Amino acid sequence: MSEPMSRPMPMETDAFEPVGEAHSPFMTVFLALVRDRFALTGLILVGVLLVVSIIAPWIVPQNPYDLAELDILDGRLPPGSKSFTGMIFILGTDDQGRDLFSAILYGLRTSLVVGASSAAIALVLGAAAGLISAYAGGRTDAVIMRIVDMQLSFPAILIALILLAILGQGIDKIILALVVTQWAYYARTVRGSALVERRRSYVDAVICLALPKSRIIFSHILPNCLPPLIVVATMRLAYAIMLEATLSFLGIGLPVTEPSLGLLISNGFEYLLSGDYWISLFPGLALLVLVVGINLIGDGLRDILNPRHQG
Amino acid sequence: MTAYLLRRSFQTVLTLFVMSVLVFVGVYMIGNPVDVLISASATPQERQDIIRAFGLDQPVWTQYWTFLTNSLAGDLGNSFVFNQPALKLILSRMPATLELAFCALVLAVFVGIPLGVWAGLKPDRLTSRMIMTFSILGFSLPTFWIGLMLVMLFSVKLGWLPASGRGQTVELLGVPVSFLTWDGLAHLILPAINLALYKVSLVIRLTRAGVIECLQMEYIRFARAKGLTDARIVFVHVLKNTLIPLITVIGLELGSVIAFAVVTETVFSWPGMGKLIIDAIGNLDRPLILAYLMIIVLMFSLINLVVDILYSVVDPRVRLEGGSE
């Protein structure tokens with residue numbers, strides 16, 4: 001604390017600039033996203049998937065996990081087939097006679113919940129670690145960054161594999177594994193931008209106001225580190241969803257009681273060689289649309305929030 | 001340079017030690033291996049004997065010490081399921097994984113670099129846009145799903161290529177390899193393409209960015225002013241300056257290709273290390289899990305060490321930074 005205090009009082013004007021604008025910053029970014037053709041496509045894709053997965057219980061023709069509604073005689077019907085009760089399976093059925101369309105919507109829910117919650121937890125932990133690292137400097141910084149470097153030198157899938165081999169299956173365990181594999185990216189991003197912000201004069205100004213450290217870090221430095229953090233978070237969210245699907249496909253992610261898209265694809269794997277393509281194809285397409293959508297939004301955000309593009 | 005090497009080697013040993021403690025304590029403390037080893041009908045006396053025979057009554061640090069000294073002597077324990085030394089099992093599966101990983105990496109380089117150079121030289125052409133769309137798709141497509149779709153299309157529908165296994169292998173310097181027989185090659189094509197796809201996208205993007213950056217340099221303008229042919233500018237000036245940093249990145253990617261081979265091996269029943277670990281996790285084969293994790297950590301630490309050293313050889317700035325501390 002003593003080192004910045006000894007600096008001369010900063011007199012630059014940027015510390016006193018008014019914050020308010022015509023739009024809130026989030027609205028400005030959103031409007032810019034809508035103007036970008038690709039990002040708009042991404043927003044629409046993700047928006048549609050988000051809405052249908054939220055209202056899934058009210059729009060699906062059958063509850064795919066209520067065994068009373070399933071009939072094994074409807075098993076492995078191709079898309080467009082009719083069940084004995086007259087229901088049409090638009091995307092076909094899996095081996096248990098489960099309507100794939102319903103199963104995909106429920107799987108989408110699980111994938112989104114796991115992906116979003118792990119990304120959110122990793123973001124909070126990673127951002128905190130990055131901020132502490134940048135603000136404290138010295139030995140704390142060195143230790144945190146060594147851990148980050150060590151972790152990033154191992155591929156995410158490998159760390160997740162090690163953790164899940166030890167912990168076993170379960171929704172809490174896969175979220176933990178995803179958090180552990182992702183936090184380091186956030187920590188590095190935030191540290192990078194916080195180091196830049198740390199040297200700005202407005203930080204010296206709030207230090208002179210003798211505000212508590214936590215307030216300086218969280219209400220002054222953090223908001224200015226958000227743009228790169230948001231871009232990284234979007235990309236990481238897409239990656240987390242894909243990683244969860246991969247781990248569930250390998251049979252070490254989610255248990256069969258909580259089927260995500262990856263598990264649905266994995267179920268279809270057994271029947272692929274006998275030509276029943278639809279059980280794996282459609283859940284994969286849903287996953288693909290979701291991930292492409294998020295990546296398109298991420299690309300758009302990067303162009304908008306990158307200072308080099310703002311001029 | 002020597003100081004840097006020593007420091008870097010020390011870090012590797014430290015990483016290895018930390019990871020081995022974490023993995024060992026994790027594997028042995030969270031689950032109880034006794035339940036897997038001993039049948040439910042065993043008498044309490046038999047139970048005690050087995051626990052003592054495996055040293056499981058010792059405190060965890062003693063157990064770790066035994067494990068550490070044994071593994072330094074090359075003994076990583078016996079697999080419960082195969083009843084063979086775990087190390088031997090893993091080493092016998094390693095060539096298959098390495099062959100797959102190298103093929104994928106070679107494919108990524110030979111497909112990715114030309115496409116990336118083209119997209120960088122003519123960014124406005126329709127073909128370049130198609131290449132970039134392909135690379136976005138390559139990033140977003142889950143590897144395992146693409147693998148399934150490849151099997152569906154080329155093995156099930158068209159019947160052109162086999163869907164699983166390694167095919168016929170021949171010994172090359174005492175190591176079985178697939179790529180020297182027609183049958184083995186046919187088995188190798190789909191898994192290699194599958195594993196390479198993500199890396200192809202990555203290489204395309206990196207190459208394109210490098211070429212675009214390079215084209216704005218003064219020396220390219222100078223070369224043009226001198227009246228050099230386009231071919232000479234591209235192949236001598238642009239490529240040389242783009243490829244050197246790229247090769248380092250691709251070297252780093254070898255590790256991640258080996259890690260991702262787990263997925264491809266599961267899809268194509270490729271008999272490599274990844275398939276082995278997934279089966280071991282399913283069977284709760286603890287010694288094998290532990291041995292695999294230790295070997296993979298060792299492998300990665302070594303790859304990272306080699307890449308770092310190569311990097312400091314290629315780029316003197318890294319060496320300076322290392323020496324000044």
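Chain A is the first sequence line, chain B the second, and so forth, proteins listed ahead of strands; every chain is numbered from 1. None of the values given here were measured: they were computed from a predicted structure.
The closest donor-acceptor contact from the side chain of T264(B) to the backbone of A261(B) lies at 3.5 Å or more, if one exists at all. At distances below 3.5 Å, not a single donor-acceptor pair connects side-chain atoms of D141(A) with backbone N or O atoms of A136(A). In this structure, S140(B) contributes its side chain and L137(B) its backbone to no donor-acceptor pair below 3.5 Å. Using a distance-only test at 3.5 Å, with no hydrogens or angles considered, a donor-acceptor pair links the side chain of S135(B) to the main chain of M132(B). Here the side chain of E244(A) pairs no donor or acceptor atom with the backbone of I175(A) at under 3.5 angstrom.
Contact of L285(A) with chain B is made through backbone and side chain together, with heavy-atom distances under 4.5 Å. For a residue to count as touching a neighbouring chain, one of its non-hydrogen atoms must lie under 4.5 Å from one of that chain's; by this rule A238(A) does not touch chain B. Within the 4.5 angstrom heavy-atom criterion, atoms from both the backbone and the side chain of L250(A) approach chain B. Only the side chain of I289(B) comes within contact range of chain A, with at least one heavy atom under 4.5 Å from a heavy atom of that chain. Contact of I157(A) with chain B is made through the side chain alone, with heavy-atom distances under 4.5 Å. Looking at I278(B), only its side chain comes within 4.5 Å of chain A, counting heavy atoms on both sides. In this structure, the portion of I252(A) lying under 4.5 Å from any heavy atom of chain B is its side chain and not its backbone. Only the side chain of M149(B) comes within less than 4.5 Å of a heavy atom in chain A; its backbone stays farther off. Of the atoms belonging to V18(B), it is side-chain heavy atoms, and not backbone ones, that fall under 4.5 Å from chain A.
By number of non-hydrogen pairs under 4.5 angstrom with chain A, the leading residue of I277(B), V263(B), I136(B) is V263(B). Interface remark: of the candidates V267(B), I258(B), V262(B), V267(B) forms the most heavy-atom pairs closer than 4.5 Å to chain A. In terms of heavy-atom pairs under 4.5 angstrom with chain B, the leader among L243(A), L281(A), N295(A) is L281(A).
Residue F38(A) places its CZ atom among 12 or fewer non-hydrogen atoms of other residues, nucleotides or ligands, all under 6.0 Å distant. For F269(A), the CZ atom counts as densely surrounded, since its 6.0 Å shell holds more than 12 non-hydrogen atoms of other residues, nucleotides or ligands.
Relative to the ring axis of Y239(A), R236(A) places its NZ or CZ within 45° and under 6.0 Å from the centre.
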